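Lettering of chains follows the sequences in order, A, B, ..., and the numbering in each one begins at 1. What you see is a predicted model; the values in this text were computed from it and never measured.
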2 protein chains.
Amino acid sequence: MGTTKSAVFSEEINDLALLFKALGHPARIAIIQFLRAQETCICNDLVNELPLAQPTISQHLKELKNAGIIQGNVSGTSLCYCLNQDKIKELDAFLASLKYDQSPTCC
Amino acid sequence: MGTTKSAVFSEEINDLALLFKALGHPARIAIIQFLRAQETCICNDLVNELPLAQPTISQHLKELKNAGIIQGNVSGTSLCYCLNQDKIKELDAFLASLKYDQSPTCC
DNA sequence: TTCTTATATCGTAATATTGCAATGTAGCAA
DNA sequence: TTGCTACATTGCAATATTACGATATAAGAA
């Protein structure tokens with residue numbers, strides 16, 4: 001055990017869970033927020049911005065990239081990352097699907 | 001190590017990360033979707049619905065509850081859980097804050 | 001009281017995640 | 001060439017998560 005039983009769930013559910021999981025870490029939220037604040041892409045100003053070591057930040061960037069939440073382009077010696085709006089819309093659509101008009105009777 | 005360095009991030013960021021983390025598991029997405037589909041609250045029909053053992057489901061419910069994403073009320077022998085729309089709105093607001101009007105220049 | 005039903009909790013094995021030092025690599029400047 | 005800058009990768013220790021069998025607990029039925 002220790003392994004998530006992904007095989008028993010639909011692909012749609014697993015995809016959503018991976019997206020949420022990628023955002024389920026404060027460093028990665030901070031990265032996303034910084035990316036958003038810059039409007040344009042950035043590289044490892046993050047190393048100066050966040051109180052984490054460079055390998056740790058690189059690892060978090062990799063996970064966000066694997067999840068498809070950010071995209072990166074090489075530009076000379078540095079790497080330029082930015083948000084992928086499509087994935088954010090996917091999450092948004094899921095959250096929207098959870099909304100009720102009325103509150104249920106029990107809670 | 002192995003521990004997330006929460007102390008170095010703002011409370012707002014940590015809270016968001018905890019919410020996303022709670023949704024970062026397929027079983028918990030499935031639970032949320034089932035809750036939504038029922039409109040009204042349910043108990044452990046989840047045990048019949050999901051291919052997971054009862055203690056496992058109970059544990060996932062606990063985590064969703066800890067995160068504040070679901071709420072529960074005792075009603076006789078069974079427990080009635082339902083979604084907490086406020087938390088969903090929090091996540092929604094964060095995602096909305098990530099949107100650009102224009103695509104950045106690099107990606 | 002005893003039984004059943006619905007749930008929570010404990011304990012534990014398997015595995016995943018986090019964080020970082022050390023090290024690698026690739027581009028550019030001198 | 002040497003050296004620097006901006007990353008990525010490797011390896012490892014500490015810790016967290018996942019899943020579940022076994023075992024509680026609490027309410028209601030018989």
Item to check | Side-chain N,O (T56(B)) to OP1/OP2 (dT18(D)) below 4.0 Å | outcome: no
Checklist entry - Could you state the CG-C1' distance from L50(B) to dC20(D), rounded to the nearest angstrom? => result 15 Å
Checklist entry - With sequence neighbours left out, what residues match K21(A) under salt bridge (Lys or Arg N to Asp or Glu O under 4.0 Å)? => result none
Checklist entry - Between A30(A) and L50(A), which heavy-atom pair has the shortest distance, and what is it? => result CB-CD2, 3.8 Å
Next on the checklist: Measure CD/Q54(B) against C1'/dT9(C) and give the value in whole Å, please.
Outcome noted: 10 Å
Checklist entry - Which residues, if any, of residues 14-25 of chain A bring a heavy atom under 4.0 Å of DNA chain D? => result none
Checklist entry - Can you check whether Y81(B) has a side-chain N or O nearer than 4.0 Å to OP1 or OP2 of dA6(C)? => result no
Checklist entry - Within this structure, what is the CD1-to-C1' distance between I70(A) and dC7(D), rounded to whole angstrom? => result 13 Å
Item to check | Value in whole Å for how far the P atom of dT7(C) lies from CG of D45(B) | outcome: 8 Å
Item to check | Interface with DNA chain C, restricted to residues 60-69 of chain B and to heavy atoms under 4.0 Å | outcome: K62(B)
Checklist entry - What residues, two or more places apart in sequence or in another chain, satisfy salt bridge (Lys or Arg N to Asp or Glu O under 4.0 Å) together with D15(B)? => result none
Checklist outcome for this item: Taken in chain and number order and not counting sequence neighbours, the residues that satisfy side-chain contact (heavy atoms from CB on, under 4.5 Å) with S10(B) are E12(B), I13(B)
Checklist outcome for this item: Closest to the 5' end of DNA chain C, once T4(B) and P55(B) are matched to their nearest nucleotides, is P55(B)
Item to check | Point-to-point distance, once rounded to the nearest 0.5 Å, from CD1 of I32(B) to CG of L95(A) | outcome: 10.0 Å
Item to check | Smallest separation among heavy atoms of S6(A) and N14(A), with atom names | outcome: O-ND2, 3.0 Å
Checklist outcome for this item: Residue pair P51(B)/S58(A) against DNA chain D: nearer the 5' end by closest nucleotide is S58(A)
Item to check | Interatomic distance, L19(B) atom CG to L64(B) atom CG [nearest 0.5 angstrom] | outcome: 10.5 Å
Checklist outcome for this item: To the nearest angstrom, the CG-P distance between N48(B) and dT5(C) comes to 12 Å
Item to check | Any residue meeting side-chain contact (heavy atoms from CB on, under 4.5 Å) with A27(B), in chain and number order, not counting sequence neighbours | outcome: F9(A), H25(B), L52(B), H60(B)
Checklist entry - If you check every side-chain atom of L79(A), which of dA8(D), dG21(D), dA19(D) has the closest atom? => result dA8(D)
Item to check | Sequence neighbours excluded - salt bridge (Lys or Arg N to Asp or Glu O under 4.0 Å) pairs with any residue from residues 53-62 of chain B | outcome: none
Next on the checklist: Going by the rule side-chain contact (heavy atoms from CB on, under 4.5 Å), which residues pair with Q59(A) if we only count those two or more places apart in sequence or in a different chain?
Outcome noted: E63(A)
Item to check | Between P of dT5(D) and CG of L46(A), the distance in whole Å | outcome: 19 Å
Less than 3.5 Å apart, which donor and acceptor atoms pair up between the side chains of residues 86-94 of chain A and the rest of the protein, not counting sequence neighbours?
residue	atom	partner	partner atom	Å
D92(A)	OD2	K99(B)	NZ	2.8

Checklist outcome for this item: Hits for side-chain contact (heavy atoms from CB on, under 4.5 Å) against E49(B), two or more places apart or cross-chain, chain-then-number order -> F34(B)
Atom pairs, protein N/O to nucleotides 11-14 of chain D N/O, distance under 3.5 Å:
residue	atom	partner	partner atom	Å
dA14(D)	O4'	M1(B)	N	3.3
dA14(D)	N3	M1(B)	O	2.8
dA14(D)	N3	G2(B)	N	3.2

Item to check | Integer-rounded Å distance: dT17(D) C1' and R28(B) CZ | outcome: 9 Å
